Chemist: 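Shown below is the structure under consideration.
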Amino acid sequence: MSDEAERPLDFIRQIVEADLASGKHTTIVTRWPPEPNGYLHIGHTKAIWINSSIAAEYGGRCHLRFDDTNPAAESVEFVEAQKEDMRWLGFDWGEHGYFASDYFPQLYEYALELIRRGHAFVCDLSSEEIEARRGTLTQAGEESPFRDRSVEENLDLFQRMRAGEFAPGDRALRAKIDMGSSVLPMRDPLIYRVVDAVHHRTGSEWPIYPLYDFAHCLSDAIEGVTHSLCTLEFADRRPLYEWILEALDIPEPRPRQIEFNPLNFSHTVLSKRFLRRLVEDDLVSGWDDPRLPTIAALRRRGVPPKALMSLCSKVGVTRREEATVELSRLDFEIRDELNRTAQRRLGVLRPLKVVIENYPEDETEMLPALNNPEDADAGTRDVPFSRELWIDRDDFIEDPPKKFNRMSVGREVRLRAAYFVTTTEVVKDANGDVIELRCTYDPATRGGDAPDGRKVRGTIHWVSAAHAVDAEIRLYDVLFEAEDPFDLPDGVEFIDRLNPNALETLTTCPLEPSVADLPAGTTFQLERAGYFSVDPDTTAEHLVLNRTVGLRDTWAKIARKG
RNA sequence: UGGGGCGUCGCCAAAUGGUAAGGCAGCGGCCUUUGGAGCCGCCAUUUGCAGGUUCGAGUCCUGCCGCCCCAACCA
């Protein structure tokens, strides 16, 4: 990856370098601020990547801060699940794991100060009344009748909010800015509200909670964050972010909010709302269903976290919010990583029996096979070979088309790491379906090379029938066949467009026995079939594999063209 | 229709007024004990459109067109 160095800096790194060069900052501090209200998905990877990689590249630090200001939606379960996902992704926050709720006392003091400075007021309007006065995109809003309360009255009321004297919705603290602003978040935004819920960390200590706009900029300031990186939909809130820091006279250098484009993919959905729909309607098996784009699902499917980080760095950072990455780009990164690191094994997805007629009935020999041709240090393993084998049905065609290099009557091919074999006879059942191949082998070609130098055009994978371990194998395809699942005609829901073939289950797939020894959680390659990982549904008696991603299939393309 | 942002190859994305990088996909070929991997080559006379400024414009100016975001006591 030496070309990495030549890649141009993205616009955020340019800002960071300029801030370092000008002396505005000497240490870069970023932060990744998830709300613990659900599962992380692949889109979140980008924010984790950009915040942590910038901190690492410039010798700074990246904080983890759970943005837990809405107790009604959050829980310790989500905190723990998200932490597990982040660690798996390789995000190491070290000593800098925080919660916005750590700052509730300071935030409350800041709110009091804002009132004292005449920049905030307690509003008695109901939610509906506030909404009615907000105005529209083109019309100014109407000021609250409570806007001009005295500092003393506001202080008293706000302290009584804090004391728990008011019910949710009865009183709220609002910043006093400009109801006529064309920037909607500047129209006297609420900054504290009454919430009747038990917070997962502070319990019932606080009857009031700060809203995002108030909590976020100040939490950044408290932590000394220099660059507060968020996605583009927050751009409209930047004026408010800066207004609050200014109104409280937060000392320079203040944290600076910079927005970047989110990571979107074709053929899937990322929004929490839609993912929840799939899970709750039992359209998938759970939050870690390997068809889903959640981190838990990708992990279960066998995707290496490095592939995700690599994808983020290659896709890059811009301000094009509509940018949508083709899902095949993710497949490429997964293959690229796994090709270099994954061990190879032999296994058959759709078995067809092969009998080597000139091989002794009772003999078994162990043949060494390369664990990873890309990695000289990966060594070899012994694979048992015997008279009766399984091969894949796709590797035999009785009447082969042109360019078909695999098995057919009278044709010699190589069995990977074993021998050259020639099909002599085809056995069929009453329906005329091929159920068995009779072959002969050439003992001189042991290991896969012919001493006389003759060549074969095809190399086929195989498994010794007597030694095979059987597995259930789950094959996956895109969740939605359409690139954009929301490009729908009237009356059609995105749910209606789920790909019915996104999961295909094969029940009895013979694999070489050493697959059973692979540590849980590792992803390996079944040669010519794809990359697979052991699913947690596996028991001592029942092996379950997920296909992480297939191999590039050039033959499929040739065959398609005829 | 107010505000904010964005339009460069099918997708992502460089180019910071000096003559359109790179990756993915695709297409040829070489090589190969995975039809994998690897290697080589091809793939934008042109940057949404129309004008203008300039010796020179994807970059600057003007006007159009298109797309995205913003009206939770969510984040």
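FYI, side chains are in, hydrogens and waters are out, and symmetry mates aren't considered; it's all heavy atoms of this structure. In what follows, chains are A, B, ... by sequence order, proteins preceding strands, each numbered from 1. Predicted, not measured: the structure shown is a model, and the values here were computed from it.
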Chemist: What integer number of Å spans the P atoms of B:G58 and B:C68?
Modeler: 28 Å
Chemist: Looking only at atom P, what distance separates B:A20 and B:U46, rounded to whole Å?
Modeler: 12 Å
Chemist: Listed by chain and number, what are the side-chain hydrogen bond (donor to acceptor under 3.5 Å, both in side chains) partners of A:Arg193, not counting sequence neighbours?
Modeler: none
Chemist: Can you spot which of A:Leu338, A:Asn339, A:Asp331 makes a side chain to side chain contact (heavy atoms under 4.5 Å, CB included) with A:Arg335?
Modeler: A:Asp331
Chemist: What nucleic acid atoms does A:Arg457 come within less than 4.0 Å of, heavy atoms only: base, sugar-phosphate, or nothing?
Modeler: nothing
Chemist: Any base atoms under 4.0 Å from A:Arg344, or only sugar-phosphate, or nothing? Heavy atoms, all strands.
Modeler: base
Chemist: Sequence neighbours left out, what passes ring-ring contact (aromatic ring centres under 6.0 Å, His included) with A:Phe99? Give chain and number order.
Modeler: A:Phe66
Chemist: With sequence neighbours excluded, give me every ring-ring contact (aromatic ring centres under 6.0 Å, His included) pair touching residues 313-342 of chain A.
Modeler: none
Chemist: Below the 4.0 Å mark, does B:C31 have OP1 or OP2 next to a side-chain nitrogen or oxygen of A:Lys455?
Modeler: no
Chemist: Just to be sure I understand the rule, does A:Lys561 reach a base, reach only the sugar-phosphate, or reach nothing, if contact means heavy atoms closer than 4.0 Å?
Modeler: sugar-phosphate
Chemist: Could you tell me the separation between the CD atom of A:Glu527 and the P atom of B:A37, rounded to a whole number of Å?
Modeler: 13 Å
Chemist: Regarding A:Tyr419, tell me which of base, sugar-phosphate or nothing describes its non-hydrogen contacts under 4.0 Å with the strands shown.
Modeler: nothing
Chemist: In whole angstrom, what separates A:Asp484's CG from B:G10's P?
Modeler: 18 Å
Chemist: Between P on B:G35 and CZ on A:Phe404, what's the gap in Å once rounded to a whole number?
Modeler: 11 Å
Chemist: Taking B:G18 as the reference, what is the distance to B:G26 when you measure between their C1' atoms (whole Å, please)?
Modeler: 33 Å
Chemist: Per the side chain to side chain contact (heavy atoms under 4.5 Å, CB included) rule, which among A:Ile115, A:Leu190, A:Asn154, A:Leu114 passes with A:Leu173?
Modeler: A:Ile115
Chemist: Does the distance from a Lys or Arg side-chain N to an Asp or Glu carboxylate O, for A:Lys306 and A:Asp336, drop under 4.0 Å?
Modeler: no
Chemist: So, using side-chain hydrogen bond (donor to acceptor under 3.5 Å, both in side chains) as the criterion, who are the partners of A:Asp102 when residues are at least two apart?
Modeler: A:Arg201
Chemist: P atom, B:G66 versus B:G56: distance in rounded Å?
Modeler: 32 Å
Chemist: With sequence neighbours excluded, what pairs up with A:Glu337 under the side-chain hydrogen bond (donor to acceptor under 3.5 Å, both in side chains) test?
Modeler: none
Chemist: Hey, does the side chain of A:Lys557 come within less than 4.0 Å of B:G26's phosphate (OP1/OP2), counting only N and O?
Modeler: yes
Chemist: For B:C67 versus B:U59, give the span between their P atoms, rounded off to a whole number of Å.
Modeler: 22 Å
Chemist: Please list, for nucleotides 13-17 of chain B, all pairs of protein and nucleotide N/O atoms separated by less than 3.5 Å.
Modeler:
{"from": "B:A13", "atom 1": "OP1", "to": "A:Asn261", "atom 2": "ND2", "distance (Å)": "3.2"}
{"from": "B:A13", "atom 1": "OP1", "to": "A:Thr318", "atom 2": "OG1", "distance (Å)": "2.9"}
{"from": "B:A13", "atom 1": "OP2", "to": "A:Arg320", "atom 2": "NE", "distance (Å)": "3.1"}
{"from": "B:A13", "atom 1": "OP2", "to": "A:Arg320", "atom 2": "NH2", "distance (Å)": "3.0"}
{"from": "B:U16", "atom 1": "N3", "to": "A:Gln14", "atom 2": "OE1", "distance (Å)": "3.2"}
{"from": "B:U16", "atom 1": "O4", "to": "A:Gln14", "atom 2": "OE1", "distance (Å)": "2.3"}
{"from": "B:U16", "atom 1": "O4", "to": "A:Gln14", "atom 2": "NE2", "distance (Å)": "2.2"}

Chemist: With rounding to the closest Å, how many angstrom separate the P atoms on B:C6 and B:U62?
Modeler: 16 Å
Chemist: Can you tell me the distance, in whole Å, between the CG atom of A:Asn372 and the P atom of B:G38?
Modeler: 13 Å
Chemist: How is the base pairing of RNA chain B summarised as a dot-bracket string, given the Watson-Crick and G-U wobble criteria with both distances under 3.5 Å, [ ] for crossing and | for another strand?
Modeler: .((((((..(((.....[...))).(((((.......))))).....(((((..]....))))))))))).....
Chemist: Suppose you measure atom P in B:A21 against the same atom in B:C43; what distance do you get, rounded to whole Å?
Modeler: 11 Å
Chemist: Compile the donor-acceptor pairs under 3.5 Å between side chains in residues 163-171 of chain A and protein atoms, sequence neighbours left out, one pair per line.
Modeler:
{"from": "A:Glu165", "atom 1": "OE1", "to": "A:Arg160", "atom 2": "NE", "distance (Å)": "2.7"}
{"from": "A:Glu165", "atom 1": "OE1", "to": "A:Arg160", "atom 2": "NH2", "distance (Å)": "3.4"}
{"from": "A:Arg171", "atom 1": "NE", "to": "A:Asp124", "atom 2": "OD1", "distance (Å)": "2.9"}

Chemist: Could you state the CZ-C1' distance from A:Arg552 to B:C39, rounded to the nearest angstrom?
Modeler: 13 Å
Chemist: Can you measure A:Leu327 atom CG to B:C11 atom P for me and round it to whole angstrom units?
Modeler: 16 Å
Chemist: Can you tell which of A:Phe385, A:Tyr419, A:Phe396 makes a ring-ring contact (aromatic ring centres under 6.0 Å, His included) with A:Trp462?
Modeler: A:Phe385
Chemist: The criterion is side-chain hydrogen bond (donor to acceptor under 3.5 Å, both in side chains); which residues satisfy it with A:Asp392, sequence neighbours excluded?
Modeler: none
Chemist: Taking only the P atom of each, what is the distance from B:C24 to B:G41 in whole angstrom?
Modeler: 14 Å
Chemist: Got a donor-acceptor pair under 3.5 Å from the side chain of A:Glu326 to the base of B:G10?
Modeler: yes
Chemist: Could you encode protein contacts along nucleotides 67-75 of chain B as a string, one character per nucleotide from 5' to 3', using B for base contact, S for sugar-phosphate-only contact and - for no contact, with a heavy-atom cut-off of under 4.0 Å?
Modeler: BSBBBSBSB
Chemist: For the side chain of A:Glu374 and the base of B:G36, is some donor closer than 3.5 Å to an acceptor across the two?
Modeler: yes
Chemist: Can you measure A:Ile334 atom CD1 to B:C24 atom P for me and round it to whole angstrom units?
Modeler: 15 Å
Chemist: Identify which nucleotide among B:U34, B:C24, B:G35 has an atom closest to any side-chain atom of A:Asn405, counting heavy atoms from C-beta outward.
Modeler: B:G35
Chemist: What does A:Glu333 touch in the nucleic acid at a heavy-atom separation under 4.0 angstrom: a base, only the sugar-phosphate, or nothing?
Modeler: nothing
Chemist: Tell me, please, which residues at least two apart from A:Pro401 pass side-chain contact (heavy atoms from CB on, under 4.5 Å).
Modeler: A:Ile397, A:Phe404, A:Trp555
Chemist: Only pairs at least two apart or in different chains count here, so list each salt bridge (charged side-chain N to carboxylate O under 4.0 Å, His left out) that has a residue in residues 372-382 of chain A.
Modeler: A:Arg381-A:Glu512
Chemist: Anti or syn, where syn is a glycosidic angle within 90° of 0; which label fits B:A50?
Modeler: anti
Chemist: I need the CZ-C1' distance between A:Arg335 and B:G35, as an integer number of Å.
Modeler: 14 Å
